[in-house]
Amino acid sequence: MIRLIVGTSDNKNSEIYLPITTSRPNEKGWRQVGVPLQAITGFNATNKMVSRIAMSGSTTATFYVGEIKLMNDATPIFGEVITSD
């Protein structure tokens, strides 16, 4: 698990835990994880101006961050449950 803390310019922090085991490594062994900021508990109570991001792991290990992107995407998020008889 990765603990992600998002700090905003109004000095508020929001956090989420991201499982990295749900993503597959690419051809170089890197894994991508992503989360919509709206899914982070407490983020709606901030001014939404991200000023800092902190990360930590749930175990003692070394992990490398290759890239951090903040993207503005207005595409609605939806889920579909597919069941069979």
> Any idea which heavy atoms bring Trp30 and Tyr64 closest together, and the distance?
Replying inline: CZ3-O, 3.5 Å
> Within a strict 4.5 Å, meaning less than it, do heavy atoms of the Ser14 and Thr41 side chains meet?
Replying inline: no
> Can you name the residues that form a side chain to side chain contact (heavy atoms under 4.5 Å, CB included) with Lys12, not counting sequence neighbours?
Replying inline: Thr8, Asp10, Thr46
> Which distance, rounded to the nearest 0.5 Å, do you find between the CZ of Arg31 and the CD1 of Ile2?
Replying inline: 10.0 Å
> Just wondering, are more than 12 heavy atoms of other shown residues or ligands nearer than 6.0 Å to CZ in Arg24?
Replying inline: no
> Does some side-chain heavy atom of Met55 sit less than 4.5 Å from a side-chain heavy atom of Arg3?
Replying inline: no
> Quick one: are Val35 and Phe43 in side-chain contact, heavy atoms under 4.5 Å?
Replying inline: no
> Out of Ile16, Ile53, Ile40, Asn13, which residue meets the side-chain contact (heavy atoms from CB on, under 4.5 Å) rule with Ile5?
Replying inline: Asn13
>> Under 4.5 Å between side-chain heavy atoms, counting indirect links through other Ile/Leu/Val/Met/Phe/Trp/Tyr residues: same cluster for Tyr17 and Val65 or not?
In response: no
> When rounded to the nearest 0.5 angstrom, what distance separates CG in Asn11 from OG in Ser51?
Replying inline: 7.0 Å
>> Test of understanding: clusters of I, L, V, M, F, W, Y form through side-chain heavy atoms closer than 4.5 Å, transitively. Do Val33 and Ile68 belong to the same one?
In response: yes
> Could you state the interatomic distance from CD (Glu15) to CG (Leu18), rounded to the nearest 0.5 Å?
Replying inline: 11.0 Å
